[in-house]
Number of protein chains: 2
Amino acid sequence: MTEITTDLYQVKEKMYVATDCIIFGFHEGKLKLLVFKRKVEPLKGESSLIGSFVRLDEDLDVAGRRVLKEATGLENVFMQQLKSYGKKDRDPGYRCISIAQYALIRIDEYDEKLVEEHGAHWYEIDQLPNLILDHNEMVQDAMYQLKHNARYKPIGFELLPEKFTIPQLQILYEAIYQRELDARNFRKKVLSLNVLKKLDEKDKTTSKRGAFLYKFDYENYQKLLTSGYNFEIA
Amino acid sequence: MTEITTDLYQVKEKMYVATDCIIFGFHEGKLKLLVFKRKVEPLKGESSLIGSFVRLDEDLDVAGRRVLKEATGLENVFMQQLKSYGKKDRDPGYRCISIAQYALIRIDEYDEKLVEEHGAHWYEIDQLPNLILDHNEMVQDAMYQLKHNARYKPIGFELLPEKFTIPQLQILYEAIYQRELDARNFRKKVLSLNVLKKLDEKDKTTSKRGAFLYKFDYENYQKLLTSGYNFEIA
DNA sequence: ACAAAAGTGTTTCCAGTACACCCATGT
DNA sequence: ACATGGGTGTACTGGAAACACTTTTGT
């Protein structure tokens, strides 16, 4: 009996290459992860990241973008390779190496229908369900990478809507670093980077007074980058 | 005519997984890279990193260690995954994804015969020959990673013999960062990390007075790591 | 008037940097 | 005695961190 099942789990004469996407979003002041329900055996119905085999005629990064688009409808978002996972028995079904890639998306922009079709849900980063295979490890590694990267590149902006307030940005950074930051020092710091364009609009959804909206200034960021600037935040 | 050759170069019905090793060493005050001569067509005789396909029954990191051992005779050295390279046309022969791993070895410990058999030579990091495929990119990425890592983890020690002097360590860091460091500040900094054991011996090969030898204190390093210590060097 | 979030400056402290001289020893 | 690299201390500076009150406005 078990023999037959085991056989099914042992198609290991061939090397497969997959990519798995760690999709971060930011909503209601919380850093969140998009978690899927696995639709195929083995481990059908379990929580997992979304992934796919890399096609023969497809660049690795393109495969990641394809998966992301299939799952969320989003294109042209921040996506970065994380690490390869290659333990020989990491997947009971195949001999499969997976290259994990992580994406930062604007949670107000994704295609809800698509996500629903995939049986996906957003989970707060500190309330994640158990994931299959080595996906827990991937998420942990991605969190570490995100914390690290957020410190030296202004990638936090990728998670916010185009227009955002400084308090919003601070809450995001607090969610990434998982600690509180001083509002005065934070404001001083981000403004001193010279990559924010202040707008003439206010966001009044969170206070009566309203907070000024800002845009990220990509041009100035590029200019400063090439001139060797230090972007350490918080 | 060309058709036939092209055909040879187009065995792309299958996905291959390889690993390439970026092997750093430190000798005579210079940071060096071990460069190989490719032994098989296509591109036979060209300069390249050493690599291998990952075996079906082999963990990814184990594959890297196997390659390193085959080329240098060394085991148990520092080795770390760098990045996956997955452009669909990165290799004219196969549809092949390569996971680059970089190693830091003690240049006085490797097996010279083995290296010779492989037609390998050490090149100073700023005098590298052109390498095949995307290997130049791999080396660049590895250099970047090495600079970055050396700043936050004391991995520099992996490149030195077990016993080393502080001036030696400084020269190594200068080679990694490719800039000069102040001797007093450097000494202050590394000693303040509390991960060096001073020995009662001196190395007199570079001066009449002699410089005290030190060992890296792995136990203390582990202890400090878990207590959340900042290891930024230089 | 008051509640609730936005916005603003100053002081303290530490770590990075710059910098110049004495020490030990083999020749 | 002297040349050569090893080893040491101090003053300065700039950025990080700590810290409390005023402003705006919808209710």
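Below, chain A is the first sequence line, B the second, and so on; all start at residue 1.
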B:Glu232, CD: over 12 other non-hydrogen atoms inside 6.0 angstrom: yes
By side-chain contact (heavy atoms from CB on, under 4.5 Å) - contacts of A:Arg66 (at least two apart): A:Ser52, A:Arg55, A:Glu58, A:Ala63, A:Glu70
Test item: side-chain donor near acceptor, A:Asn149 and A:Tyr144, under 3.5 Å: no
All side-chain contact (heavy atoms from CB on, under 4.5 Å) counterparts of B:Lys208, not counting sequence neighbours: none
Heavy-atom protein contacts under 4.0 Å, nucleotides 21-27 of chain D, coded B base, S sugar-phosphate only, - none: --BBBB-
Proximity to DNA chain C (any heavy atom under 4.0 Å), residues of residues 150-178 of chain A only: A:Pro167
Whether A:Gln168 side chain and A:Leu160 backbone form a donor-acceptor pair below 3.5 Å: no
Atom-pair distance (CG on A:Leu191; C1' on C:dA6), nearest Å: 13 Å
Whole-Å distance separating the CG atom of A:Leu181 from the P atom of C:dG7: 16 Å
Test side-chain hydrogen bond (donor to acceptor under 3.5 Å, both in side chains) applied to B:Lys39 - qualifying residues, sequence neighbours left out: none
A:Lys198 NZ to C:dT8 C1', straight-line distance once rounded to whole Å: 11 Å
B:Asn136: partners by side-chain hydrogen bond (donor to acceptor under 3.5 Å, both in side chains), with sequence neighbours left out: B:Asn130
Smallest separation among heavy atoms of A:Tyr152 and A:Phe231, with atom names: O-CB, 3.4 Å
What pairs of donor and acceptor atoms, side-chain ones from residues 19-29 of chain B against any protein atom, are under 3.5 angstrom apart with sequence neighbours left out?
{"unit_1": "B:Thr19", "atom_1": "OG1", "unit_2": "B:Ile99", "atom_2": "O", "d": "2.7"}
{"unit_1": "B:Thr19", "atom_1": "OG1", "unit_2": "B:Gln101", "atom_2": "NE2", "d": "3.0"}
{"unit_1": "B:Asp20", "atom_1": "OD2", "unit_2": "B:Ser98", "atom_2": "OG", "d": "2.6"}

I'd like a list of close polar pairs between nucleotides 12-16 of chain C and the protein, N/O only, cut-off under 3.5 Å.
{"unit_1": "C:dG16", "atom_1": "OP1", "unit_2": "B:Lys189", "atom_2": "NZ", "d": "3.4"}

Every protein N/O lying under 3.5 Å from an N/O of nucleotides 9-14 of chain D:
{"unit_1": "D:dT10", "atom_1": "O4", "unit_2": "B:Lys188", "atom_2": "NZ", "d": "2.9"}

Which residues share a side-chain hydrogen bond (donor to acceptor under 3.5 Å, both in side chains) with A:Gln178, sequence neighbours left out: A:Lys147
B:Phe186 CZ to D:dG6 P, straight-line distance once rounded to whole Å: 13 Å
Residues in side-chain contact (heavy atoms from CB on, under 4.5 Å) contact with B:Lys198, at least two apart in sequence or another chain: B:Phe212, B:Tyr214
For atom CG of A:Leu193 and atom C1' of D:dG15, their distance in whole Å: 13 Å
Short N-O contact, A:Glu46 and A:Lys37, less than 4.0 angstrom: no
Residues that B:Val35 engages under side-chain contact (heavy atoms from CB on, under 4.5 Å), provided they are two or more places apart: B:Leu33, B:Ser47, B:Tyr123, B:Leu128, B:Pro129, B:Leu131
